[in-house]
Amino acid sequence: MKGKKKSLKIPLAIRAEEALKKAVAEAIADHKRTGDSIVIWKDGKVVRVPADQIVVREPEAEYPKK
């Protein structure tokens, strides 16, 4: 089987969660870049976070252990 790549069997649910985390991270980064605040749920309350206080993190992949 020359030339074929060996694909990892990552479950669809894991791939979907990774895609969602990436999309959220991109949306948060976009809000920071454009100066728009975000609204989050913190300690049982709705909190508005100004753009200058937004922390952008890279989403982390989490794979189930076999």
Side-chain angles (χ1 to χ4, degrees):
M1 298 191 132
K2 195 173 185 180
K4 289 197 175 195
K5 291 183 180 180
K6 197 174 192 180
S7 65
L8 295 176
K9 292 282 188 176
I10 301 173
L12 180 60
I14 300 294
R15 294 190 324 228
E17 184 177 350
E18 287 178 359
L20 179 61
K21 287 179 180 181
K22 182 179 176 186
V24 169
E26 289 174 2
I28 291 172
D30 186 51
H31 275 72
K32 183 174 181 76
R33 185 175 56 255
T34 60
D36 296 326
S37 60
I38 60 172
V39 178
I40 62 171
W41 185 262
K42 184 176 182 179
D43 298 328
K45 297 180 182 177
V46 176
V47 178
R48 183 178 303 271
V49 180
D52 62 341
Q53 294 179 13
I54 295 173
V55 177
V56 180
R57 298 184 202 134
E58 286 293 316
E60 297 179 12
E62 297 173 14
Y63 299 105
K65 295 179 181 175
K66 292 185 178 184

With a 4.0 Å cut-off on N to O distance, would you call Lys21 and Glu17 a salt bridge? yes
Connected-component partners of Val39 among ILVMFWY, side-chain separation under 4.5 Å: Trp41, Val46
I'd like to know if Val56 and Leu20 are part of one continuous hydrophobic network [Ile/Leu/Val/Met/Phe/Trp/Tyr, side-chain heavy atoms within less than 4.5 Å]. yes
Membership question, hydrophobic clusters at under 4.5 Å side-chain separation (ILVMFWY): are Ile38 and Val55 in the same one? no
I'd like to check the side chain to side chain donor-acceptor pair (under 3.5 Å) partners of Arg57; sequence neighbours left out, ordered by chain and number. none
Do you know which two heavy atoms are closest between Ser37 and His31, and how far apart they sit? O-CD2, 3.3 Å
Apply side chain to side chain contact (heavy atoms under 4.5 Å, CB included) to Gln53 and list each qualifying residue two or more places apart in sequence or on a separate chain. Val49, Pro50
Using the salt bridge (Lys or Arg N to Asp or Glu O under 4.0 Å) rule, collect all pairs that involve residues 30-54, keeping only residues at least two apart or in two chains. Asp30-Arg33
